[in-house]
Amino acid sequence: MPANKKYLSSNWQRFAKITAGIVGGYFVTISFHIALAYLVDHTAILITATFTGFILWVVLMIVAFLAKNGWRVWAIYLFITLVFSLLIYLGNLYNPIIS
């Protein structure tokens with residue numbers, strides 16, 4: 001018995017959700033940990049990132065698949081990545097890891 005058509009999303013929405021979950025979630029995870037490394041002790045953050053990075057990435061993938069609109073998830077993930085990138089830039093400017 002096939003699924004009810006009203007619960008299925010289009011191919012473009014499915015593509016947007018999959019790519020937002022995998023690629024966008026990865027960008028958010030990595031930029032978050034690098035921005036945090038500039039604010040706190042970078043050695044501890046980068047060691048911890050091996051564990052928390054995977055957990056955060058999986059959570060962001062689940063959030064992308066639960067959303068109705070995959071393109072909105074892409075926009076949110078890109079905005080969050082840009083905010084973390086700005087924090088990375090400012091952290092590198094005022095508190096460089098390598099001097």
Side-chain angles (χ1 to χ4, degrees):
M1 188 166 138
N4 194 346
K5 295 283 186 191
K6 69 178 182 179
Y7 296 115
L8 296 176
S9 58
S10 69
N11 289 337
W12 285 110
Q13 283 297 318
R14 192 174 312 129
F15 173 76
K17 288 179 186 180
I18 290 171
T19 56
I22 295 172
V23 178
Y26 181 75
F27 287 164
V28 171
T29 301
I30 295 303
S31 62
F32 168 73
H33 282 95
I34 294 174
L36 197 60
Y38 277 107
L39 299 175
V40 196
D41 180 30
H42 64 277
T43 309
I45 295 298
L46 293 178
I47 291 171
T48 308
T50 58
F51 302 106
T52 59
F54 182 72
I55 295 169
L56 181 62
W57 191 22
V58 169
V59 168
L60 291 170
M61 274 195 245
I62 292 171
V63 167
F65 284 110
L66 290 177
K68 279 191 172 272
N69 191 344
W71 300 113
R72 184 173 294 158
V73 174
W74 253 120
I76 292 169
Y77 283 179
L78 286 177
F79 177 73
I80 293 171
T81 302
L82 287 174
V83 168
F84 288 144
S85 298
L86 179 67
L87 289 175
I88 291 168
Y89 175 75
L90 292 174
N92 192 20
L93 194 64
Y94 293 112
N95 188 19
I97 291 176
I98 300 173
S99 25

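No hydrogens, no waters, no symmetry mates; every other heavy atom, side chains included, goes into these values.
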Spacing of [X] atom [atom1] and [Y] atom [atom2] [to the nearest 0.5 Å]:
X	Y	atom1	atom2	result
Asn69	Gln13	CG	CD	4.5 Å
His42	Asn95	NE2	CG	9.5 Å
Thr52	Leu36	OG1	CG	8.5 Å
Asp41	Thr48	CG	OG1	9.5 Å
Leu86	Ser31	CG	OG	11.5 Å
Arg72	Tyr77	CZ	OH	13.5 Å

For Leu87 against Ala35, the heavy-atom pair lying closest together: CB-CB, 4.1 Å
Could you pull out the closest heavy-atom pair between Ala20 and Trp74, with the gap in Å?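 Heavy atoms of Ala20 and Trp74 come nearest at N-NE1, 3.5 Å.
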Apply the side-chain contact (heavy atoms from CB on, under 4.5 Å) test between Val28 and each candidate in Ile76, Thr81, Leu78, Val23; give the one that qualifies.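 Result for side-chain contact (heavy atoms from CB on, under 4.5 Å) with Val28: Thr81.
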Can you establish whether the number of heavy atoms outside Phe27 located under 6.0 Å from its atom CZ is more than 12?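 No, because the 6.0 Å sphere around CZ of Phe27 holds 12 heavy atoms or fewer from other groups.
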Verify, without hydrogens or angle tests, whether [X] (side chain) and [Y] (backbone) share a donor-acceptor contact under 3.5 angstrom.
X	Y	value
Lys17	Ala67	yes
Trp57	Thr29	no
Tyr94	Tyr89	no

Taking [Y] as the starting point, is it possible to reach [X] by hopping between hydrophobic residues whose side chains are less than 4.5 Å apart?
X	Y	answer
Trp71	Ile18	yes
Phe15	Ile22	yes
Leu56	Phe84	yes
Phe65	Ile80	no
Val59	Phe51	no

